[in-house]
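Note that ligands are numbered from 1 as they come in the structure, with each ligand's atoms numbered from 1 the same way. Residues take their numbers from the sequence shown, with the count starting at 1.
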Amino acid sequence: MKEEIKVLISEEEIREKVQEIAAQINRDYEGKEVFLLCILKGSVYFTCELSKYLTIPVKMGFLSVSSYGDGLTSSGVVRINQDEEINVKGKHVIVIEDIVDSGRTLSFLMHMLAKREPESLRLCSFLDKPAGRVSEVTPDYTGFTIPDKFVVGFGMDYAQKYRNLPYIGELNFKEGEE
Ligand code: IMP
Ligand code: MG
């Protein structure tokens, strides 16, 4: 099967949207320090880009989360891989995600973080795919709402590939050579 990628959101559109979200966060958290909690690996590009346009004081944490399923769908069993990053007590925490699909991972994580007494807790997801939602999760900040397509680029992967694409593309499989 041949992998084909069609541009869905251009590099320019990504930059404009990231700046818009940053401006909103700058307004909402004026006079406060935020703790950006980046969910590895997909959110690395978004977290770094977003942080460049934040004018309020910023600290960052990086958390690796895995949910296990049959490879195609997540099971809802979520495992946190770095506990030392979740010292959120008393902080204004913004969880940064690349995309919310079923919402299972985020639903688990947000509940777990809320128990650790952050000063405030919000979710910022660059993409939202509401058609796939199973668990109730609504991002406080969303870049784009997209249809139920599989996307890659700007940190998002297919089998660990394509994270480095500067745009967001829709991945499709076509009959034919590799
Ligand atoms: P869920 O919301 O628990 O189903 O899982 C969301 C996670 O699945 C995201 O953080 C991504 O890592 C991954 N994911 C969901 N949809 C896509 C997609 O279209 N492309 C790449 N990764 C995706
Ligand atoms: Mg992810």
Side-chain angles (χ1 to χ4, degrees), residues 1-11 13-15 17-18 21 25 35-51 60-83 85-86 88 93-116 121-174:
M1 295 285 259
K2 193 166 178 261
E3 292 162 15
E4 268 189 9
I5 298 170
K6 189 179 88 188
V7 178
L8 202 65
I9 305 169
S10 71
E11 199 174 353
E13 289 171 314
I14 291 175
R15 189 175 318 114
K17 187 59 79 176
V18 168
I21 298 172
I25 292 175
F35 182 69
L36 303 183
L37 188 55
C38 169
I39 309 305
L40 295 170
K41 307 171 188 170
S43 309
V44 165
Y45 286 71
F46 180 36
T47 305
C48 293
E49 284 305 305
L50 182 72
S51 66
M60 292 188 217
F62 296 84
L63 194 66
S64 164
V65 174
S66 15
S67 76
Y68 296 94
D70 58 12
L72 293 170
T73 53
S74 62
S75 63
V77 181
V78 180
R79 201 178 76 178
I80 306 290
N81 301 329
Q82 290 116 297
D83 214 58
E85 295 294 332
I86 3 185
V88 297
V93 179
I94 309 178
V95 174
I96 311 290
E97 218 356 347
D98 47 0
I99 181 166
V100 181
D101 183 15
S102 76
R104 284 187 174 115
T105 315
L106 264 296
S107 163
F108 173 89
L109 186 65
M110 297 302 280
H111 282 108
M112 188 272 285
L113 290 172
K115 282 190 212 143
R116 298 185 179 222
L121 177 63
R122 282 186 174 171
L123 171 61
C124 174
S125 183
F126 195 64
L127 299 182
D128 189 5
K129 218 163 35 169
R133 203 70 98 251
V134 172
S135 299
E136 203 176 312
V137 175
T138 310
D140 300 285
Y141 303 96
T142 306
F144 296 94
T145 300
I146 62 161
D148 199 9
K149 294 174 172 172
F150 195 84
V151 294
V152 292
F154 194 50
M156 289 170 288
D157 73 306
Y158 169 65
Q160 299 301 326
K161 289 187 295 187
Y162 308 123
R163 291 191 196 277
N164 60 313
L165 295 178
Y167 55 86
I168 292 173
E170 177 189 342
L171 178 70
N172 285 298
F173 298 93
K174 291 275 148 61

*Kindly check if the number of other-residue, nucleotide or ligand heavy atoms within 6.0 Å of CD (Gln160) is above 12?*
yes
_Show me which atoms of ligand 1 lie under 4.0 Å from any heavy atom of Arg104._
3 (O)
*Non-hydrogen atom of Ile39 closer than 4.0 Å to ligand 1*: no
*asked:* Show me which atoms of ligand 1 lie under 4.0 Å from any heavy atom of Asp157.
replied: 21 (C)
*List every atom of ligand 1 that sits less than 4.0 Å from any heavy atom of Ser102, numbering the atoms from 1 in the order shown and giving each element.*
1 (P), 2 (O), 3 (O), 4 (O)
*For Asp98, is the nearest heavy atom under 4.0 Å from an atom of ligand 1?*
yes
*In terms of side-chain geometry, is the basic nitrogen of Lys41 or Asp98 positioned less than 4.0 Å from the acidic oxygen of its partner?*
no
*Looking only at atom types and distance, does a side-chain atom of Ser107 sit under 3.5 Å from a main-chain N or O of Arg104, one as donor and one as acceptor?*
no
*Decide whether the shortest distance between a heavy atom of Leu106 and an atom of ligand 1 is less than 4.0 Å.*
no
*For Arg163 and Phe154, indicate whether the former's side chain and the latter's backbone hold a donor-acceptor pair under 3.5 Å.*
no
*Min N/O separation Val151 to ligand 1 under 3.5 Å*: yes
*Find all atoms of ligand 1 within a distance of less than 4.0 Å from any non-hydrogen atom belonging to Lys149, and give their numbers and elements.*
19 (O)
*Quick one: pull up CG in Asp148 and CG in Asp101 and give me the separation to the nearest 0.5 Å.*
6.5 Å
*NZ/Lys17 to CD1/Ile9 distance, rounded to the nearest 0.5 angstrom?*
9.0 Å
_When you measure from the heavy atoms of Lys129 to every atom of ligand 1, does any distance fall below 4.0 Å?_
yes
*Does Gly103 reach ligand 1, in the sense of a heavy atom lying below 4.0 Å from it?*
yes
*What part of Glu97, side chain from CB on, backbone N/CA/C/O, both or neither, has a heavy atom under 4.0 Å from ligand 1?*
side chain
*Given Asn172 and Glu170, is the side chain to side chain contact (heavy atoms under 4.5 Å, CB included) satisfied, shown in steps?*
CA-CA 7 Å; Asn172 285 298; Glu170 177 189 342; 3.2 Å; yes
*asked:* Quick check on contacts: which atoms of ligand 1 are under 4.0 angstrom from a heavy atom of Thr105?
replied: 1 (P), 3 (O), 5 (O)
*Would you mind listing which atoms of ligand 1 come within a distance below 4.0 Å of any non-hydrogen atom of Asp101?*
2 (O), 4 (O), 15 (C), 16 (N)
*Between CD of Glu97 and CG of Leu109, what distance do you get to the nearest 0.5 Å?*
8.5 Å
*If you take all heavy atoms of Ser125 and Phe46, which pair is closest and at what distance?*
C-CE2, 4.1 Å
